Amino acid sequence: MFKEGLMGLIAGFVTTFKHLFRKPVTEQYPEYKRTLPARSRARIILTRDPDGDERCVACYLCSAVCPVSCISMQSAQRQDGRRYPRWFRINFARCIYCGLCEEACPTLAIQLTSHFETCEHDVLKLVAEKEDLLVNHGGKSHEYNFYRHAGVTMVGDKGTHINEEKPIDLKSNLP
Ligand code: SF4
Ligand code: SF4
């Protein structure tokens, strides 16, 4: 028992001794800022599609999946039938940056960025409205356009839309 304790003590001192000769790894933040990976999860944005339209269709999926219920919005509809959020709000004071909203979003509208310097003294300043969230670019996926795939309205018969397969005749599956 005594021998094991002594060995543990010596191993601890050896580790400490080894670190005495290592180059320090201190980074002088904020003078030096490390480049974070593109998939870092911090400040959230709402992106636009390649046509410049806002991608969000106010489907409420992000709001439903958010574990801390910090996303709220109200849906509205344009003349051409396209949905959009009349207002969209994220309370960053509650957000845990889990990324679930981004995973759930069918239009790639909501995206987490690597911008993490968002601290505020006044907690109410952490409530972001749509004007604060909406950017003028497509974020991580510039080319994706949900409406080019899904369409605002059905054009033609089933199975004739771009990238859509012909409907299956259920009776053909019968034995
Ligand atoms: S990152 Fe997580 S906690 Fe933050 S808004 Fe999205 S789902 Fe909610
Ligand atoms: S951000 Fe995405 S998931 Fe959230 S309401 Fe808009 S389209 Fe739906």
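Both ligands and their constituent atoms are indexed starting at 1 by order of listing. This is a predicted model, so every value here is computed, not measured.
Near Cys59, the atoms of ligand 2 lying under 4.0 angstrom from a non-hydrogen atom of the residue are 3 (S), 5 (S), 7 (S), 8 (Fe). Near Cys56, with a cut-off below 4.0 Å to any heavy atom, the atoms of ligand 2 are 1 (S), 5 (S), 6 (Fe), 7 (S). Atom numbering of ligand 1 starts at 1 in the shown order; those under 4.0 Å from a heavy atom of Val68 are 3 (S). Which parts of ligand 1 touch Pro67 is read off a 4.0 Å heavy-atom cut-off, strictly below it: atoms 7 (S). Those atoms of ligand 2 with a heavy atom of Met73 less than 4.0 angstrom away are 5 (S). Below 4.0 Å from some heavy atom of Val57 lie the following atoms of ligand 2, by number and element: 6 (Fe), 7 (S). Under a 4.0 Å criterion applied to the non-hydrogen atoms of Ala58, ligand 2 contributes the atoms 5 (S), 6 (Fe).
A tilted orientation is assigned to the rings of His142 and His137, their planes being inclined by 30° to 60°.
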Show every donor-acceptor pair shorter than 3.5 Å between a side-chain atom in residues 13-21 and any protein atom, with sequence neighbours excluded, or say none if there are none.
from	atom 1	to	atom 2	distance (Å)
Thr15	OG1	Ala11	O	2.9
Thr16	OG1	Gly12	O	3.0

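No salt bridge links Asp169 with Lys171; every basic N to acidic carboxylate O contact stays at or beyond 4.0 Å. In summary, Asp132 and Arg43 do not engage in a salt bridge, as defined by a charged side-chain N under 4.0 Å from a carboxylate O. With respect to the salt-bridge test (charged N to carboxylate O, under 4.0 angstrom), the residues Arg48 and Glu54 do not qualify.
Residues Glu117 and Tyr29 bring a donor and an acceptor atom of their side chains to less than 3.5 Å of each other.
More than 12 heavy atoms of other residues, nucleotides or ligands shown are found within 6.0 angstrom of CD on Glu131.
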Report the C-alpha distance between Asp51 and Arg82 in whole Å, list the side-chain angles of each, state the deciding distance to 0.1 Å, and finish with yes or no for salt bridge (charged side-chain N to carboxylate O under 4.0 Å, His left out). CA-CA 14 Å; Asp51 299 335; Arg82 181 163 172 155; 5.9 Å; no
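None of Cys101, Cys70, Ser63 except one satisfies the side-chain contact (heavy atoms from CB on, under 4.5 Å) rule with Ile90; the exception is Cys70.
In this structure, the side chain of Gln111 does not engage the main chain of Glu102 through any donor-acceptor pair within 3.5 Å.
Within the protein, the number of N/O/S atoms found under 2.8 Å from atom 6 (Fe) of ligand 1 is 1.
In terms of protein heavy-atom proximity, atom 2 (Fe) of ligand 2 is nearest to Cys105 SG, 2.3 Å.
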